Amino acid sequence: MPARPLTAPATAANGALELTAAQADVLSAQRAAPDDPTYNVGQYVDLTGPLDTELLRRAVARTLAEAPGLRLRVWEEGGRAWQQRLPFDPEDWRLPRLDTTGAADPVAAAVELVRDQLACPPRLQPPSGEGPPPALTGTVLVRVGPERHLLFSYFHHLAVDGYGVALLTRRIADLYSAAVRGAEPAPSPFAPLEVLVAAEREYAGSAREAADRAHWTARYADRPAPVRFPAAAGTGGASTGAARHTVLLDPEDSALLAKAVRPARATWAEAVTAALAARLHRDTGATEAVFRMYVLGRTAPGALRVPGMAVNVLPVRIAVDGAATFRELLERTVAEFAAVREHQRFRGEVLAREIWPGAGGRAPSVALLNLRPFPAEVDFAGLTGRVVTLASGPVDDISLSVVRHPDGRLRLDLDADTARYGTGGPAALAGRYTALLLALAAAPDAPLANLPEPAVPASLVDAPEPAVPTASLPHPQAVPAAPTQGETR
């Protein structure tokens with residue numbers, strides 16, 4: 001049966017556009033907690049080697065011009081929320097440049113600077129109620145060594161999701177590479193935001209939506225009570241933010257994991273999820289794990305080319321007990337992921353209201369999976385840009401973010417709410433989790449109950465990254481950057 005053509009998106013008389021469902025959910029949450037900064041997301045690209053900063057500025061400016069949905073004004077009219085894209089002049093745009101080489105740890109000082117910015121409460125409207133609204137995006141280039149720069153980008157989730165950020169990063173790299181090589185860049189790969197809005201209007205009330213709803217309501221007809229990881233002793237006060245602990249698996253461990261998942265036709269994504277279910281069972285005795293997981297929600301034609309906000313968050317449910325082997329858990333997770341992908345367009349916030357009505361219309365606080373299929377490295381005209389995520393959205397329990405490097409190594413970022421888990425909680429849980437992940441990979445056919453609790457290597461429990469502080473640019477350890485050899489203004 002041929003696909004129905006997409007209908008035109010709803011627009012106001014002044015050309016404004018409806019919000020996507022994902023944008024509307026973010027806006028609702030942000031307005032309920034105006035000072036909550038957790039919808040600020042950010043990353044940096046670590047670049048080592050000679051960098052032409054003027055060509056980089058032009059690449060960033062052109063990318064911003066090609067993605068007008070990043071600059072928007074939001075308001076309500078007639079009981080509906082609207083967005084209007086704002087004009088942007090790439091020729092007049094300047095890339096802020098700072099230098100932290102005078103700090104004891106230049107990279108840490110640069111990262112702290114942008115964490116400060118991410119911690120600032122967002123402002124969706126101008127302070128006076130008049131004039132242009134505050135920017136929902138920002139970029140800054142920080143020099144941290146003689147030939148090393150960090151290109152930071154930060155956004156509000158109202159404007160773009162993690163997949164959209166990856167699209168933008170790739171486009172900046174491609175434009176910069178073409179300019180350095182004196183080549184004509186490819187035309188913009190981006191599709192307009194109207195594609196997402198039109199796709200949602202076509203989905204609403206369709207047979208596809210009805211089938212998706214039937215799947216989810218049947219899958220969660222018993223309204224399971226999700227189990228959380230145990231809280232740390234002495235916690236329970238007000239949250240001071242999320243603390244992070246990062247584990248980078250070495251090549252040998254990553255290869256061991258890749259070998260273990262092959263017979264189950266699984267990938268690293270199913271492996272880290274199955275191991276988290278096993279860890280929850282070990283820590284709590286739960287016989288099934290219910291997590292939340294980010295999904296793209298971009299199945300309509302052209303949706304994968306839109307640098308906008310479309311991400312969905314859906315539940316994942318995996319049975320686990322002491323008799324289960326890692327291979328069996330992988331097979332269950334493969335089947336669960338296939339079902340989630342098949343029905344990924346049904347909005348998670350709608351589902352939460354239907355299956356967990358006692359949670360105030362929001363999904364329960366359980367572990368959140370952020371399995372990132374995006375490139376961890378990007379080519380900038382021969383320079384390898386290593387992408388590092390600083391913040392990817394709210395953390396009301398724990399969040400496990402995983403990305404695979406080109407050499408096969410896995411990077412695991414575990415964020416945890418300090419009110420429940422304390423500042424040392426992420427390191428402790430990340431250590432126990434990673435040790436069990438590797439033990440399962442080494443003995444994929446052993447029942448979980450037969451596996452002794454693995455020792456946690458000291459290397460897995462270094463000090464966690466600090467909770468995000470509150471401040472704003474500029475930073476006392478940052479000074480305006482001056483040109484150096486191999487650079488231009």
Side-chain angles (χ1 to χ4, degrees), residues 219-220 222 224-231 245 247 249-293 315-341 366-369 371 397-400 402 404 408-410 412 414 416 421 425-461:
R219 179 73 171 130
Y220 289 88
D222 58 341
V227 178
R228 305 171 72 180
F229 284 93
H245 187 81
V247 174
L249 296 187
D250 61 34
E252 293 76 16
D253 288 338
S254 298
L256 174 69
L257 188 61
K259 180 181 178 181
V261 305
R262 256 181 236 120
R265 298 178 181 266
T267 70
W268 60 264
E270 287 89 1
V272 298
T273 304
L276 192 64
R279 184 71 272 167
L280 183 69
H281 170 73
R282 279 275 178 102
D283 288 359
T284 67
T287 55
E288 71 172 0
V290 177
F291 304 137
R292 294 180 296 149
M293 182 171 72
V316 174
R317 188 176 189 179
I318 302 163
V320 56
D321 54 60
T325 66
F326 188 41
R327 199 180 310 279
E328 290 170 338
L329 290 177
L330 286 170
E331 292 169 350
R332 295 172 193 175
T333 308
V334 166
E336 180 72 358
F337 277 17
V340 170
R341 284 191 296 269
V366 293
L368 175 65
L369 297 165
L371 309 176
D397 187 68
I398 72 165
S399 171
L400 178 64
V402 187
R404 183 180 182 273
R409 291 179 302 160
L410 293 183
L412 298 83
L414 195 144
Y421 298 102
L429 179 54
R432 297 197 317 277
Y433 165 71
T434 307
L436 181 58
L437 171 68
L438 298 178
L440 291 167
D445 294 311
L448 185 58
N450 292 355
L451 278 179
E453 183 65 26
V456 179
S459 60
L460 295 181
V461 261

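Here the structure is a predicted model, which means the values were calculated and not measured.
- E331 places none of its side-chain heavy atoms less than 4.5 Å from the side chain of V334.
- Smallest separation of non-hydrogen atoms from E328 and A323: OE1-O, 3.8 Å.
- Between atom CZ of residue R432 and atom CZ of residue F229 there is a gap of 7.5 Å, rounded to the nearest 0.5 Å.
- In this structure, R292 does not pair ionically with D397, as no charged nitrogen and carboxylate oxygen lie closer than 4.0 Å.
- In this structure, CZ on F326 lies 8.5 Å from CG on L436, to the nearest 0.5 angstrom.
- The distance from the CZ atom of R228 to the CD1 atom of I398 is 10.0 Å, given to the nearest 0.5 Å.
- With rounding to the nearest 0.5 angstrom, the CD1 atom of I318 is 13.0 Å from the OG1 atom of T287.
- Here the closest heavy-atom approach between residue D283 and residue P230 is recorded as O-CG, 3.7 Å.
- Contact record, A271 with L437: O-CD1, 3.9 Å, taken as the closest heavy-atom pair.
- Between P447 and T325, the shortest heavy-atom distance links the atoms N-CG2, 3.9 Å.
- With R219 contributing its side chain and A339 its backbone, the two residues share no donor-acceptor pair below 3.5 Å.
- Using a 4.5 Å heavy-atom threshold, the side chains of L280 and V320 count as separate.
- Contact record, L330 with A264: CB-CB, 3.8 Å, taken as the closest heavy-atom pair.
- Looking at heavy atoms from C-beta onward, Y433 lies in side-chain contact with L276 at the 4.5 angstrom threshold.
- Considering only heavy atoms from C-beta on, D253 stays 4.5 Å or farther from T434 through its side chain.
- Ionic pairing of R279 and E453 is present here: one or more N-O contacts between side-chain nitrogen and carboxylate oxygen are shorter than 4.0 angstrom.
- Contact of the R282 side chain with the L448 side chain is registered, since non-hydrogen atoms from C-beta on lie closer than 4.5 Å.
- For the residue pair A260 and A441, the shortest heavy atom distance occurs at CB-O, 3.5 Å.
- Side-chain polar atoms of T267 and E270 form a donor-acceptor pair below 3.5 angstrom.
- Two residues are said to be in side-chain contact when any heavy atoms from C-beta on lie closer than 4.5 Å; L369 and V272 fail this criterion.
- Distance CG/L257 to CG/L249: 7.0 Å, rounded to 0.5 Å.
- For the pair E288 and R332, the salt-bridge criterion is not met [side-chain N within less than 4.0 Å of a carboxylate O].
- Two residues are said to be in side-chain contact when any heavy atoms from C-beta on lie closer than 4.5 Å; V247 and L410 fail this criterion.
- Judged by distance alone, with hydrogens and angles left aside, the side-chain atoms of H281 form a donor-acceptor pair with the main-chain N or O of A286 at under 3.5 Å.
- Proximity of F337 to L371: side-chain heavy atoms (C-beta onward) are separated by under 4.5 Å at one or more points.
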